[in-house]
Amino acid sequence: MASCSVNSQVKLYLTANGVTKTATLVENSATAELISILEEGPITLSMTENGGFEKVGNLPQSLPTSDVRQTAQSGDIMLYIGNVMCIFYGSNTWAYTKLGTMDDMTSSQIKEFLSGNPVSISLSLEDKAEVRQVRFSDVKEEKIYDLKGNLISQRPLLAGVYIINGKKTIIK
């Protein structure tokens with residue numbers, strides 16, 4: 001098995017379905033080239049389901065390979081034939097060049113993160129996750145009353161003064 005040391009200085013940020021996760025890159029010529037590409041800005045891959053154990057997508061250019069026959073595990077990010085990135089949520093044995101490993105994610109979490117076929121994945125060297133996904137349970141019910149204390153349920157509101165969640169609000 002080829003030796004790859006972990007490059008703990010460089011994190012890869014992967015954004016899919018409005019969620020950003022990190023991966024720790026290994027140190028080899030393929031990741032050095034990938035880092036060089038990403039220093040120019042993020043790239044987006046369209047990744048599709050393959051074999052029920054991974055998502056695969058074409059990189060914009062080939063990276064140097066140092067393929068070795070190995071068993072990819074859940075969370076592994078591998079390079080296949082120089083220009084195909086594979087993200088595993090299962091296991092497979094083949095000749096790959098290892099790029100890195102997803103940080104602190106179970107197989108089911110990776111599969112959920114990569115849901116969709118195809119799924120669009122943005123790769124970057126910076127965290128672009130300032131926009132978070134809002135779940136319905138995160139949204140509080142808005143209580144709107146007129147000045148007489150009557151609960152208002154219709155939208156949009158007409159011009160006037162309302163009490164919205166306990167605060168006086170003027171709608172123009």
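Starting from 1, each residue takes its place in the sequence as its number.
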- Chi angles and distances behind the side chain to side chain contact (heavy atoms under 4.5 Å, CB included) call for Ile37, Leu63: CA-CA 10 Å; Ile37 293 167; Leu63 304 177; 3.8 Å; yes
- Message: I'd like to know whether Ile152 forms a side chain to side chain contact (heavy atoms under 4.5 Å, CB included) with Lys143, so could you lay out the CA-CA distance, the side-chain angles of the two residues, the decisive distance to 0.1 Å, and finally the verdict.
- Response: CA-CA 8 Å; Ile152 307 294; Lys143 299 280 187 179; over 6 Å; no
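Here OG of Ser122 is found 8.5 Å from CG of Leu38. Values are rounded to the nearest 0.5 Å. The CG atom of Leu34 sits 6.5 Å away from the CG atom of Leu123 when rounded to the nearest 0.5 Å. A distance of 6.5 Å separates CG of Leu125 from CD1 of Ile35, quoted to the nearest 0.5 Å. Thr24 OG1 to Leu99 CG: the interatomic distance, rounded to the nearest 0.5 Å, is 13.0 Å.
At least one side-chain heavy atom of Ile163 sits less than 4.5 Å from a side-chain heavy atom of Leu147.
In terms of hydrophobic clustering, with Ile, Leu, Val, Met, Phe, Trp and Tyr side chains grouped at heavy-atom distances under 4.5 Å, Leu79 and Val10 are assigned to a common cluster. When hydrophobic clusters are built by joining Ile, Leu, Val, Met, Phe, Trp and Tyr residues whose side-chain heavy atoms come closer than 4.5 Å, directly or via intermediates, Met78 is not grouped with Val68. Side-chain heavy atoms closer than 4.5 Å link hydrophobic residues (I, L, V, M, F, W, Y) into clusters, and following such links, even through other members, never connects Leu114 to Tyr80. Under the 4.5 Å side-chain heavy-atom criterion for ILVMFWY residues, a single connected hydrophobic cluster contains both Ile121 and Ile110. Transitive grouping of hydrophobic side chains (ILVMFWY, heavy atoms separated by less than 4.5 Å) brings Phe53 and Val56 into a common cluster.
The nearest pair of heavy atoms linking Lys21 to Met105 is CG-SD, 3.7 Å. Scanning all heavy atoms of the two residues, the minimum distance from Asn58 to Leu45 falls at O-CD2, 3.2 Å. The two residues Asn117 and Thr48 come nearest to each other via the heavy atoms OD1-CA, 3.2 Å. In this structure, Met47 and Lys55 approach most closely via the heavy-atom pair CE-O, 3.3 Å. What you find for Phe113 and Leu14 is that their closest heavy atoms are CZ-O, 3.4 Å. The nearest pair of heavy atoms linking Pro60 to Ile43 is CD-CD1, 3.8 Å.
Every residue meeting the side-chain contact (heavy atoms from CB on, under 4.5 Å) condition with Ser46, not counting sequence neighbours, appears here in chain and number order: Pro118. With sequence neighbours left out, the salt bridge (Lys or Arg N to Asp or Glu O under 4.0 Å) criterion links Asp103 to Lys11. With sequence neighbours left out, Thr93 forms a side-chain hydrogen bond (donor to acceptor under 3.5 Å, both in side chains) with Thr71. Contacts of Asn150 classified as side-chain hydrogen bond (donor to acceptor under 3.5 Å, both in side chains), with partners at least two apart in sequence or in another chain: Asp146. Take Asn50 and apply the side-chain hydrogen bond (donor to acceptor under 3.5 Å, both in side chains) test, not counting sequence neighbours, and it matches Glu54.
Between the Asn17 side chain and the Val19 main chain, no donor and acceptor come within less than 3.5 Å of each other. With hydrogens and angles ignored, the 3.5 Å screen pairs no side-chain donor or acceptor of Thr22 with any backbone N or O of Leu12. Checking side-chain atoms of Glu112 against main-chain N and O of Gln109 turns up no donor-acceptor pair under 3.5 Å. Asp67 places a side-chain N or O within 3.5 Å of a backbone atom of Thr97 that can act as its donor or acceptor partner.
Summarising the local packing, CG of Leu151 is surrounded by more than 12 heavy atoms from other residues, nucleotides or ligands at distances under 6.0 Å.
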Donor-acceptor contacts, no H, no angles, side chain residues 81-92, under 3.5 Å, sequence neighbours left out:
unit_1, atom_1, unit_2, atom_2, d
Tyr89, OH, Glu49, OE1, 3.1
Tyr89, OH, Glu49, OE2, 2.1
Ser91, OG, Ala72, O, 3.1
Asn92, ND2, Tyr96, OH, 2.9

